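Structure record follows, encoded as structure tokens.
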Protein chains: 2
Amino acid sequence: MEDNTARFEKLLVKNGLKRTAPRLQVLEILSGRDSATSQPYLEQVMGKDADRVTLYRVLQAFEEKGIIHKVLDQQGTANYAICSDGCSAHEHHDEHVHFNCDNCHKIYCLDTVKIPALKVPAGFKVDRLNLIATGLCAGCSDKIN
Amino acid sequence: MEDNTARFEKLLVKNGLKRTAPRLQVLEILSGRDSATSQPYLEQVMGKDADRVTLYRVLQAFEEKGIIHKVLDQQGTANYAICSDGCSAHEHHDEHVHFNCDNCHKIYCLDTVKIPALKVPAGFKVDRLNLIATGLCAGCSDKIN
DNA sequence: TTATATTTGCAACATAATTGCATTAAAATG
DNA sequence: CATTTTAATGCAATTATGTTGCAAATATAA
Ligand SMILES: [Mn+2]
Ligand SMILES: [Mn+2]
Ligand SMILES: [Zn+2]
Ligand SMILES: [Zn+2]
């Protein structure tokens with residue numbers, strides 16, 4: 001449980017990615033949070049530990065390999081969360097609902113809430129579904145009321 | 001049917017907005033399209049007819065008044081479509097599904113497809129729902145197969 | 001026609017994201 | 001362990017998107 005680093009190193013190797021400091025740091029940060037993490041936040045936390053460009057490339061590589069998935073919030077800002085199920089390079093299956101809190105602006109992966117199948121007009125072929133619910137998260141709705 | 005301009009002028013007056021060239025032009029463009037229109041596209045089409053900043057302000061004003069609604073596509077780009085139902089300044093009700101085609105990149109408002117109600121974990125309070133389906137639109141799925 | 005309130009354009013700024021290229025460093029090889 | 005190979009990083013420059021303040025222009029009310 002404690003030796004995250006060893007676990008992350010395995011994850012990188014498994015995906016044919018070299019074990020580098022920026023990559024381990026991103027995994028460390030993301031796994032230590034209970035909600036999706038925005039690019040700006042990551043950039044701020046990593047500071048001069050890694051170049052902005054490197055951060056973008058790390059995120060892109062992770063996404064391609066199925067290690068993390070991207071969620072855009074209401075403002076279009078990119079947020080990232082570790083994939084829960086067995087996502088892989090050519091198969092993401094993160095079709096769970098995402099919840100964007102109006103108050104704390106966190107984005108929660110509601111892994112237990114699946115997106116209901118959809119009936120679309122004739123001709124349309126649905127490949128992926130992306131549902132973002134907006135409102136107040138549990139913590140904030142407590143505090144406010 | 002043909003006298004859009006008169007119709008648009010009424011719409012502006014009704015919402016307390018002055019009848020200006022950039023506003024009429026935006027309404028003209030949006031109403032002439034069968035799918036949502038991206039900000040970059042609008043900017044390109046309007047060219048030097050209006051300043052970029054003016055375009056942003058026109059779009060913002062229209063959104064606030066319930067004349068248009070904004071949809072972010074998979075890349076986070078802002079797209080705009082005329083509101084169908086009776087949306088107003090303080091009440092948008094465009095909770096229909098949006099369809100983003102992987103091939104032509106158009107975004108269709110599926111006005112007839114409502115977003116199903118959602119059961120979220122205890123504590124979460126849902127205010128709005130935003131569902132984007134991605135895949136192939138009717139036209140593209142014809143051409144490709 | 002004049003007054004007023006709104007809207008526009010311009011300039012400057014902020015942030016997010018991408019590209020090319022030289023340098024560095026990880027891992028594979030012998 | 002030393003060397004080669006390949007992948008990854010950092011830096012500089014560039015593009016795209018969106019915002020703000022303010023003076024000038026203009027639509028509408030008086
Ligand atoms: Mn998620
Ligand atoms: Mn719509
Ligand atoms: Zn919250
Ligand atoms: Zn299409």
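Just so it is clear, the model here is predicted, and its values are computed rather than measured. Lettering follows sequence order; numbering is per chain, from 1.
- Taking the nucleotide of DNA chain C with the nearest heavy atom to each of Pro22(B) and Gln75(B), the more 5' of the two is matched to Pro22(B).
- In this structure, Lys70(A) places its NZ atom 13 Å from P of dA16(C), rounding to the nearest Å.
- Following rounding to the nearest Å, Asp51(A) (CG) and dA17(C) (P) show an atom-to-atom distance of 15 Å.
- Applying the side chain to side chain contact (heavy atoms under 4.5 Å, CB included) rule to Ser31(A) yields the partners Asn4(A), Phe8(A), Ile82(A); only residues at least two apart in sequence or on another chain are considered.
- Along DNA chain D, the nucleotide nearest Thr54(A) and the nucleotide nearest Gln60(B) are compared for position; the residue whose nucleotide lies closer to the 5' end is Thr54(A).
- Shown for residues 37-47 of chain B: no residue has heavy atoms falling under 4.0 angstrom of DNA chain C.
- For residues 126-145 of chain B, no residue pair satisfies the ring pair (Phe, Tyr, Trp, His ring centres under 6.0 Å) rule, not counting sequence neighbours.
- Tyr56(B) places its OH atom 16 Å from the C1' atom of dA12(C), with the value rounded to the nearest Å.
- Arg52(A) comes within 4.0 angstrom of a nucleotide base, judged by non-hydrogen atoms across all strands.
- Looking at heavy-atom distances under 4.0 Å, Ala50(A) makes contact with sugar-phosphate atoms alone, never a base.
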Side chains of residues 119-128 of chain A: which donor-acceptor partners sit under 3.5 Å, not counting sequence neighbours?
unit_1	atom_1	unit_2	atom_2	d
Arg128(A)	NH2	Asp102(B)	OD1	2.9
Arg128(A)	NH2	Asp102(B)	OD2	2.6

Query - Protein proximity profile, nucleotides 19-30 of chain C - base contact B, sugar-phosphate-only contact S, no contact -, cut-off 4.0 Å on heavy atoms - result: BB-----BS---
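- Nucleotide dT6(C) holds its C1' atom 13 Å from the CG atom of Leu12(B), rounded to whole Å.
- Qualifying salt bridge (Lys or Arg N to Asp or Glu O under 4.0 Å) partners for Glu43(B), counting only residues two or more places apart in sequence or in other chains: Arg52(B).
- Of the possible donor and acceptor atoms, none in the side chain of Asp73(B) sits under 3.5 Å from a partner among the backbone N and O of Val71(B).
- Distance check: Leu59(A) CG to Thr54(A) OG1 gives 10.5 Å after rounding to the nearest 0.5 Å.
- Applying the ring pair (Phe, Tyr, Trp, His ring centres under 6.0 Å) rule to pairs touching residues 30-68 of chain B yields nothing, sequence neighbours excluded.
- Applying the side chain to side chain donor-acceptor pair (under 3.5 Å) definition to pairs two or more places apart or across chains, those involving residues 133-144 of chain A are Gln74(A)-Thr134(A).
- Asp73(A) has its CG atom 16 Å from the P atom of dT15(C), to the nearest Å.
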Query raised in the report: After noting the C-alpha distance and the side-chain angles of Leu72(B) and Leu72(A), does the key distance pass the side-chain contact (heavy atoms from CB on, under 4.5 Å) rule?
Result: CA-CA 9 Å; Leu72(B) 300 180; Leu72(A) 300 180; 5.6 Å; no
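- We find that CG of Leu59(A) is positioned 13 Å from P of dA16(C), with the value rounded to whole Å.
- The CG-P distance, from Asn79(A) to dA17(C), rounds to 10 Å in whole Å.
- Protein chain A contacts DNA chain D from dT6(D) to dA12(D), reading 5' to 3' and using non-hydrogen atoms of the protein with a distance under 4.0 Å.
- Annotation: side chain to side chain contact (heavy atoms under 4.5 Å, CB included) contacts of Glu64(B) (sequence neighbours excluded): Gln60(B).
- Between Gln74(B) atom CD and dA17(C) atom P there is a gap of 15 Å when expressed in whole angstrom units.
- Under the side chain to side chain donor-acceptor pair (under 3.5 Å) criterion, the residue pairs touching residues 16-26 of chain B are Glu9(B)-Arg19(B), Gln25(B)-Asp49(B), with sequence neighbours excluded.
- For Lys65(B), the side chain to side chain contact (heavy atoms under 4.5 Å, CB included) partners two or more places apart in sequence, or in a different chain, are Asn15(B), Leu17(B), Ile67(B).
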